[in-house]
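Worksheet: the structure to be examined is printed underneath.
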Amino acid sequence: MASGSLPDPEQLAARILRGERTAVASGLNLLDNRLPDARDRAVRLLACLSGERWRSEGHLVGVTGPPGAGKSSLVSAMIREWRLAGRTVAVLAVDPSSRPELGGGALLGDRIRIKTTGQDEGLFIRSLANRNQLGGVVTEVWPMSGLLLACFDVIVIETVGVGQTEIDIAEIGDTVCYVAQPASGDTIQYLKSGIIEIPDIFAVNKSDLGAPALKTAGEIRRCAPRPDRRDAWDYPVCLVSAANDTGIAEFHSHFARHRQFLVAAGLLGELRARHHTAWALRLLKEEFGTFGLELAGGRTAVERRLREPGCNPFDEYARLREAIRSRVLPVDRPAT
Ligand SMILES: Nc1nc2c(ncn2[C@@H]2O[C@H](COP(=O)(O)OP(=O)(O)OP(=O)(O)O)[C@@H](O)[C@H]2O)c(=O)[nH]1
Ligand SMILES: [Mg+2]
């Protein structure tokens with residue numbers, strides 16, 4: 001895209017803060033554009049958007065689980081509850097269809113399966129191809145969540161849980177939910193692995209299937225973290241059916257309860273700062289490599305700068321980027 005057609009970040013930020021949906025969409029497009037000029041503008045856009053709200057407001061919710069477990073169906077049901085409670089919701093569906101075996105990005109859109117009723121100004125849904133060849137969640141998800149946090153109350157990130165994705169989603173969400181598929185080998189594998197420690201809320205969907213769902217819920221209850229092992233959170237395991245609309249209200253109530261728990265324990269700001277540092281490092285490394293990080297003083301120095309109290313997180317990220325670039329790019333010499 002020619003830089004002339006790229007939006008002005010300051011003007012775009014003002015429109016996003018007013019909640020203009022077309023501005024939100026073009027902001028996300030800008031963050032998804034890896035051309036150098038677009039990157040510069042994207043960073044300026046984020047610096048304009050990420051104020052105090054970034055530290056303490058909104059709710060970042062990660063939903064993960066094996067393919068077909070019913071994540072999108074459950075997200076649809078939860079959207080209804082949040083909207084009834086007057087909360088605005090944005091969903092980022094990190095679409096697995098970019099996996100080669102699923103035929104590239106061709107299926108994108110068909111796979112979101114988040115059902116909504118009519119035109120709703122308080123709801124925004126965007127799918128994003130997961131282009132990360134090395135597994136895990138694409139780095140764009142973090143800045144995109146930051147943008148959405150500027151104008152929505154709840155941001156849901158849906159990812160298909162496969163290894164590194166599970167770990168990545170834990171570095172995005174304030175609250176992470178694992179949706180289990182009854183009687184599935186995926187769930188058994190999951191329970192055996194260390195990542196059972198990651199989710200805050202468990203849902204066994206398709207409880208309409210009866211015994212297999214009850215069995216899976218029992219297995220998760222046996223393996224889920226105990227409150228005394230980590231903190232005072234109780235790691236609820238909910239039997240739900242998105243198809244029959246059962247158990248949804250109770251399941252949904254745990255999300256607000258978990259956020260309240262984080263706030264009461266003074267953990268929300270700490271969690272956001274930790275997550276931001278991890279992703280900013282990842283973004284810098286992706287753009288400039290380990291050598292670039294060294295030019296900015298090394299990983300530890302960068303971490304320290306990003307975590308300085310009172311710093312605007314994306315502002316500091318922008319400054320670090322500039323610092324690296326000024327040392328990477330050759331300085332223009334005056335003609336002799
Ligand atoms: N029996 C039953 N089927 C369900 C339920 N919820 C979802 N399904 C079905 O399960 C299939 C997958 O549902 P999705 O909501 O798309 O699952 P997902 O986990 O988002 O799938 P991917 O994003 O493709 O990994 C669909 O055919 C749904 O109709 C449920 O509560 N009971
Ligand atoms: Mg889905």
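Numbering of ligands and ligand atoms starts at 1, following listing order.
Applying the side-chain contact (heavy atoms from CB on, under 4.5 Å) rule to Ala180 yields the partners Tyr178, Thr187, Val204, Thr216, Ile220; only residues at least two apart in sequence or on another chain are considered. Looking at residues two or more places apart in sequence or on another chain, you find no ring-ring contact (aromatic ring centres under 6.0 Å, His included) involving Tyr317.
In this structure, Phe255 and Trp82 have perpendicular ring planes: the angle between them is above 60°, well past the 30° mark. Ring-plane geometry between Phe124 and Phe152 is classed as tilted, the angle between the planes lying from 30 to 60 degrees on a 0 to 90 degree scale. Aromatic ring pairs are classed by plane angle as parallel below 30°, tilted from 30° to 60° and perpendicular above 60°; the pair Trp233 and His258 is perpendicular.
For the 3.5 Å distance criterion, the side chains of Thr277 and Glu303 fail to qualify, holding no donor opposite an acceptor. Remark: the Thr88 side chain and the Asp153 side chain contain an N/O donor-acceptor pair separated by less than 3.5 Å.
Side-chain atoms of Arg34 and Thr139, non-hydrogen and from C-beta on, do get closer than 4.5 Å to each other.
Short contacts between ligand 1 and Asp208, defined as distances under 4.0 Å to a heavy atom of the residue, involve ligand atoms 1 (N), 2 (C), 30 (C), 31 (O), 32 (N). Interface of Ser241 with ligand 1, defined as ligand atoms under 4.0 Å from a residue heavy atom, comprises 31 (O). Near Pro67, meaning under 4.0 Å from any of its heavy atoms, are these atoms of ligand 1: 25 (O). Near Ser72, with a cut-off below 4.0 Å to any heavy atom, the atoms of ligand 1 are 15 (O), 18 (P), 20 (O). Here is the list of ligand 1 atoms found below 4.0 Å of a heavy atom in Ser73: 6 (N), 7 (C), 13 (O), 14 (P), 15 (O). The Glu158 neighbourhood of ligand 1 comprises atoms 20 (O), 23 (O), with distances under 4.0 Å to a heavy atom of that residue. Less than 4.0 angstrom separates some heavy atom of Val160 from each of these atoms of ligand 1: 25 (O).
Considering backbone and side-chain N/O of Ala242, one or more are found under 3.5 Å from N/O of ligand 1. Note: no N/O pair closer than 3.5 Å links Asn244 and ligand 1 by distance alone. For the pair Leu209 and ligand 1, the shortest N or O to N or O distance does not fall below 3.5 Å.
For Ser72, the nearest N, O or S atom to the Mg ion (ligand 2) falls under 2.8 Å.
Nearest approach of Gly27 to Leu45, heavy atoms of both residues: CA-CD2, 4.0 Å.
Nearest N/O/S atom of Glu158 with respect to the Mg ion (ligand 2) is recorded as OE2.
Nearest to atom 11 (C) of ligand 1 by heavy atom, out of Ala243, Ser76, Gly68, Gly65, is Gly68.
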